[in-house]
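We're numbering straight along the sequence, starting at 1.
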Amino acid sequence: MGGALSVQIGGIRLKNPVIAAPGEHLIEDAGLAAAIASGAGAVVMKSANESEAARRQLLQAEYAALGPDWRPVAWGPDAPAGVTVLTRSGLHPLGFEAWLDQAVRHDRLARALDCLLVPSLVLADLDAAVTSARRIEAAGLRVLELNIGTPYASQAARGAVSTELDPARVAGIVRAVTSAVAIPVWVKLSGQSERVTALAAAATGAGAATVVIAGRALGLVPDLDTMAPHLGTSCGIGGFWNLPLTCHWLAETRAALGPGQPLIGINGATTGEDIARMMLAGATAVGLSSAVMMRGFGVLSEAVETLAAYCTAKGTTASALIGRAADARRRFADLPLLDDVWRNHIPRAQGAAN
């Protein structure tokens with residue numbers, strides 16, 4: 001079954017490229033069901049692993065929405081556009097058995113609505129991750145996300161989660177998991193690196209069906225009133241302003257790995273138009289998380305509708321968008337000489353000659 005919005009990630013077809021990316025809004029059954037019912041092509045569950053410390057971290061979680069002046073604004077659908085989201089988060093509170101049961105139940109619901117339910121493992125111990133991956137496959141789930149790029153490893157309890165920044169380690173970790181299961185493995189990578197493309201090459205070279213790039217970085221925002229950090233520490237930080245950075249890494253990775261390698265964009269998309277932007281930069285599908293957590297599951301439905309309207313207006317399909325801007329990108333050295341255009345973009349000093 002095809003359609004104007006249908007895309008292909010390896011052997012997996014998505015009815016559209018809108019992915020409900022993981023977050024606290026996808027912990028409870030009601031949230032998962034709402035995301036599946038929204039019309040999104042895929043829903044990625046809130047991540048889990050075997051670490052008790054990682055589950056306990058959720059009890060210490062805290063969240064803030066910051067306006068353009070870096071001061072807190074009210075959290076929720078009435079927050080102004082363009083907020084920055086600062087989070088100190090944790091993993092799914094359920095133990096693995098209960099989490100896997102939740103995945104199986106919601107996979108049945110997702111299949112009925114032509115949606116892909118994606119369980120997500122965050123790496124703590126590699127042997128445990130391999131065992132969990134095998135259990136996920138044996139339960140009949142169709143794909144696995146392996147998250148090795150959380151922003152929190154340096155701030156969390158030792159061994160709770162991982163932020164992998166060495167391509168050789170990424171290759172070894174991914175190979176261990178992909179060789180243990182037959183289902184496709186999507187690998188989520190960190191954005192806290194100047195080597196995102198090298199990490200992506202290592203992951204796909206080791207058998208990953210796709211990579212999710214690039215995860216949030218750590219950020220620290222001082223509070224001028226208390227003179228302490230907002231939320232007390234360095235936190236995961238994201239916002240609309242990250243879209244150009246994600247698009248850059250998508251374009252770089254497409255150039256390095258070739259147009260046949262599917263990529264998933266994450267971090268910075270908040271609307272259907274942003275999904276189109278990331279697809280033009282090289283993404284096959286795009287995840288939305290913070291915007292949904294902030295404004296509700298209607299964000300997903302609106303993104304599908306907006307993307308469909310954009311494709312209709314352009315007389316194209318979603319799959320035909322992939323990489324068009326990336327492939328049109330040129331180096332600075334290849335661009336034409338201009339006649340002092342820079343002078344039109346600087347302030348005039350008082351008394352300066354015209």
Practice problem: Please lay out, stage by stage, how Met279 and Leu250 fare under the test side chain to side chain contact (heavy atoms under 4.5 Å, CB included). | Solution: CA-CA 9 Å; Met279 294 185 74; Leu250 288 166; over 6 Å; no
Answer yes or no: is there a donor N or O on one side and an acceptor on the other, between the side chain of [X] and the main chain of [Y], under 3.5 Å?
X      : Y      : result
Ser38  : Ala35  : yes
Arg295 : Ala79  : yes
Thr178 : Ala206 : yes
Asp125 : Ala128 : yes
Arg195 : Leu165 : yes
Ser179 : Ala176 : yes
Lys15  : Gly3   : no
Asn16  : Gly41  : yes
Thr306 : Glu273 : no
Arg88  : Leu231 : yes

From [atom1] ([X]) to [atom2] ([Y]), nearest 0.5 Å:
X      : Y      : atom1 : atom2 : result
His92  : Ser47  : NE2   : OG    : 9.5 Å
Ile27  : Leu91  : CD1   : CG    : 9.0 Å
Ile275 : Leu5   : CD1   : CG    : 10.0 Å
His25  : Leu32  : NE2   : CG    : 9.0 Å
Glu252 : Arg329 : CD    : CZ    : 4.5 Å
Asp274 : Leu243 : CG    : CG    : 5.0 Å

Quiz item: Do Val221 and Thr84 pass the side chain to side chain contact (heavy atoms under 4.5 Å, CB included) test, and can you show the C-alpha distance, the side-chain angles, and the key distance before you say yes or no?
Solution: CA-CA 11 Å; Val221 183; Thr84 291; over 6 Å; no
Self-check item: Candidate list Glu24, Glu145, Glu28, test salt bridge (charged side-chain N to carboxylate O under 4.0 Å, His left out), partner Lys46, passing option
Solution: Glu24
Heavy-atom check, side chain of [X] versus side chain of [Y], under 4.5 Å:
X      : Y      : value
Leu263 : Val211 : yes
Cys235 : Thr233 : yes
His248 : Val196 : no
Met45  : His106 : no
Val44  : Leu26  : no
Ile136 : Trp99  : yes
Leu288 : Val299 : yes
Leu100 : Pro119 : no

Closest heavy-atom contact between [X] and [Y]?
X      : Y      : value
Gly10  : Pro262 : N-CG, 3.9 Å
Val174 : Ala203 : CG1-O, 3.5 Å
Leu58  : Pro93  : CD2-CD, 3.6 Å
Leu189 : Leu199 : CD1-C, 3.8 Å
Ala110 : Arg142 : CB-NH2, 4.1 Å
Ala209 : Trp186 : CB-CD1, 4.2 Å

Answer with yes or no whether the hydrophobic clustering places [X] together with [Y]; edges join I, L, V, M, F, W, Y residues whose side-chain heavy atoms lie under 4.5 Å apart.
X      : Y      : value
Val181 : Leu146 : yes
Leu113 : Val43  : yes
Trp70  : Val85  : no
Leu220 : Leu218 : no
Val7   : Leu257 : no

Quiz prompt | Verdict with supporting geometry, Thr284 and Thr210, side chain to side chain contact (heavy atoms under 4.5 Å, CB included) | solution = CA-CA 10 Å; Thr284 297; Thr210 187; over 6 Å; no
Self-check item: Pair Arg13 + Asp114, salt bridge at N-O below 4.0 Å
Solution: yes
Quiz item: Taking everything shown except Arg105 itself, do over 12 heavy atoms lie less than 6.0 Å from its CZ?
Solution: yes
Quiz prompt | Among Asn267, Asn242, Thr87, side chain to side chain donor-acceptor pair (under 3.5 Å) partner for Arg216 | solution = Thr87
Exercise. Take Glu137 and Leu144, measure what side chain to side chain contact (heavy atoms under 4.5 Å, CB included) needs, and give me the verdict at the end.
Key: CA-CA 8 Å; Glu137 180 178 44; Leu144 166 66; over 6 Å; no
